[in-house]
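For reference, the structure is listed below as structure tokens.
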Amino acid sequence: MQSKVTATGRSTPSLPDIQWQNYIVYIFFVVVLGFFAVMIGDKGFLSVTNLFNIARTTAMITVIAVAMTFIISAGELDLSVGSTTALAALICALVMQAGYPWPLAVVAAIASGLAVGCLNGVFVTMIGIPSFLVTLGMMQFIRGLDMRVTYTNPISISNQTYNGIFGSGYVFGVPSLLIWSVVIALLGHVVLKYTGFGREILATGGNRQAAEYSGIKTRRVKFYAFLLSGAAAALAGMLYAGMMQTARFNFGEGAELMAIAAVILGGTSLFGGKGTILGTFAGSLLIGTINNGLIIMGLDVSEQMMISGAIIIVAVAFGKKPGA
Amino acid sequence: MSSPFLQMTHIGKSFGNIPVLRRVSFDLQKAEVHALMGGNGAGKSTLMKILTGVYTKDTGTISIDGQTVDITDTAASERAGIAMIFQEFSLVPTLTVAQNIWLGREPRLPGTPFINNAAMVRQSRLILQELGVDIDPEALVGSLPVGFMQIVEIAKALSKQARILVMDEPTSSLSEAETEALFDLVRKLKSSGISIVYISHRMAEILTICDRVTVMRDGETVMTEPCAGLSVARIVEAMLGAGHTASFEWQDRGDRPAVPPILHVRNLRLASRVQDVSFDIRPGEIVGLAGLMGSGRTEIAETIFGRRTAVSGEVIFDGQPLRGQADAIDRGIALVPEDRRKMGLVLDHSVRDNVLLPNLARFTRHFFVRDAEALSTVTQTIRDLKIKTDGPDKLSRLLSGGNQQKIVLGKWLARDPRLLILDEPTIGVDIGAKSEIVATVRAMADRGMAVLVISSELEELMAISDRILVLHGGRITQDLNRRTVASEEELHHAIQGHGHRAVDAIPA
């Protein structure tokens, strides 16, 4: 027994190891939901329409954040996802505008996301530039490209099949955006938790050197994570376009930071090695719920931003382990 | 014996309701080097953490120079003149030696908030001169060899007027020459009246440098004796308890059957110091690779494992040349690397995940990891290697050094390798775990696994090897049957190049 106690090296060994910090995002979510229910329950906050609305507006961030969880768990960062959403949306809209069928537009949009992810991956894993810098530059470059493609003109999408599937439609009364985010989150959860690739991501982020000495091809693992992130950003862009029935160069501005916030709120370690997709999903919903509730309470954008920013900091502070 | 300078009496400490120290007494004379030994979990680090104020004691008293002192935190310990010497980790590599020594206590220009850089450098130089070491106070710490970092630590302690130094495994990352230099320094400190608590697992070292040795076991002191006339066997017995005989003794495993070698290393030349190295290992054979720190032993191991490419020469495994690390792992080569915390383990992951890491492919079917199937392998590994853990989901960071090393060994043994390379397998591992590791390796070799062991501890090489290769000047200078090596001194002599000046002894 003793070896275990002295070996911990840290003081305050709490014997029943229930780490409530791991569940902070869920606790916060319940608290925030409860707060708004009491405060503005009578103003329609709790109506099905409004709850669906929260789900609809968070779908894009959720999709991006699921892939971001892989990136961050592998010890990297991807800031280029925001501008990639707009790129994919524009390409998708342009292909349809040119008269091609919508599935081809979808393929083209996803391909553009994969191309961005591939470039990020090459620069990070083969040339060895820190991902923060590569994707910061890429964010800027792609946003410029977004503006250039249509000279900042919006492209409307008239294909109602497309709009229905990606954003505007309902299935048995459930918004398609909600279905997309649940499916993507579940898929991400299963992949991160139960597949060999997921384990390799976590090992790479936990200790790259040890992973390599164990035969994990960490550069390949990271490369795939960037591909995944690019594809997810493209999907988010298509969802955005489908919801707005148009594509615009400024889609997804700041989405990369919202997604990172959702990931960290969810309990994924910013330093890699520990990640949870379900936490990320809850983090994304939490941010969306806060914004939605504040709007209903009648706060303006400036107040909303201040409050949601403060809540993010407080939630992360609560989730921090003592001494860590 | 005069009244002791430091007296710790009946110290008790529990974590939760688990007692870790039970009425432990420990004393230190002025100008004494006192070894503190014990297996992992014996309580020695807890005792020292109480002395340095990291933990507070539950019961007992501490007195220094006859005065009872109340050590409530690390600052109080520092005021009492106690300093812990860390090996390298508590220095800022991007600052200079002087800046590190005075970090947070920089002397000011009188009447201003500005740092008096000249005074800082001057005083540092004075302390370093007193220590008799040639270190430039204005050099960046990051540019110093590892051995010097410890000396900077000592200088930092002395600048705080420390009278008691606690040194924890001070030689574990030092080369032979650096160790000698450190011993000279310890003697010098002693003659200037400094008292030292010396924690180490290395028996020979303790008998060389210490005046007395105290052994702890299960939270109690079981022996305190002068080193003069004390035998290693006596210390080991005290550490393990009566009735436990360590398997850390050489066993003649007989001649290996005349099977063809599984590994041929031919005229290997590496970018580092390795010039021309050739040797063979047969299945079931345990071969030790001896050489000075920095002689290229690790580089040879990593080349065989495929993590490095040779300038020239070749490595042939089971009749075929090796093509990179993936090929090496696929064909049954395993490497337990030198630094288990950096290269061996994902410390924040569980025992289970660490054991599975090199075995993921085996347990993955159609993308999914078969956790239930994998778990039985993990529990088997925990049982076979006697890893002391609450369960497979315990974080490996929370285990002792010996148990961590068993995880690294276990994750590879779960693959049933045909060649196992061990690079410094027992650094920071207590004698109990050490002998268990040796026994496991022996048992695997008996079943036909070839083993290459690299170690700076000759005692260990002597205990485990059937054959010992001596690496010197970038070549294998001797290939010794263990049976013909009579003593550690003989091996030591061979490593130094028959007493010639060791040209390849570059401080690592």
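Lettering follows sequence order; numbering is per chain, from 1.
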Shorter than 4.5 Å, heavy atoms on both sides: which option in A:Gly215, A:Gly206, A:Ala203 has the most such pairs with chain B? A:Ala203
Side chain to side chain donor-acceptor pair (under 3.5 Å) contacts touching residues 124-136 of chain A (sequence neighbours left out): A:Glu76-A:Ser131
Using the benzene-type ring in the case of Trp, are the ring centres of B:Tyr55 and B:Phe15 under 6.0 Å apart? yes
Partner chain A: residue of B:Asp348, B:Leu360, B:Leu335 with the largest heavy-atom pair count (under 4.5 Å): B:Leu360
Report which part of B:Lys411 has an atom under 4.5 Å of a heavy atom belonging to chain A: side chain, backbone, both, or neither. side chain
Could you give me the CA-CA distance, side-chain angles and deciding distance for A:Phe226 and A:Val122, then say whether side chain to side chain contact (heavy atoms under 4.5 Å, CB included) is met? CA-CA 9 Å; A:Phe226 279 106; A:Val122 165; over 6 Å; no
Determine, stepwise, if the pair B:Thr377 / B:Phe363 fulfils side chain to side chain contact (heavy atoms under 4.5 Å, CB included). CA-CA 10 Å; B:Thr377 299; B:Phe363 294 109; 3.2 Å; yes
Below 30° counts as parallel, above 60° as perpendicular, anything between as tilted: where do the rings of A:Phe70 and A:Phe197 land? parallel
Contacts of residues 349-359 of chain B with chain A (heavy atom under 4.5 Å): B:His349, B:Asp353, B:Leu356, B:Leu357, B:Pro358
For A:Ile165 against A:Ser176, the heavy-atom pair lying closest together: O-OG, 3.4 Å
Quick one: which of B:Glu302, B:Arg365, B:Arg341 has the most heavy-atom pairs under 4.5 Å with chain A, could you say? B:Glu302
When B:Leu347, B:Val408, B:Leu345, B:Thr364 are compared by non-hydrogen pairs under 4.5 Å with chain A, the top option: B:Leu345
Taking the side chain as C-beta and beyond, is there a heavy-atom pair between A:Lys222 and A:Arg208 under 4.5 Å? yes
Determine whether A:Thr218 and A:Thr204 satisfy the following criterion, side-chain hydrogen bond (donor to acceptor under 3.5 Å, both in side chains), listing intermediate values before the conclusion. CA-CA 6 Å; A:Thr218 61; A:Thr204 299; 5.3 Å; no
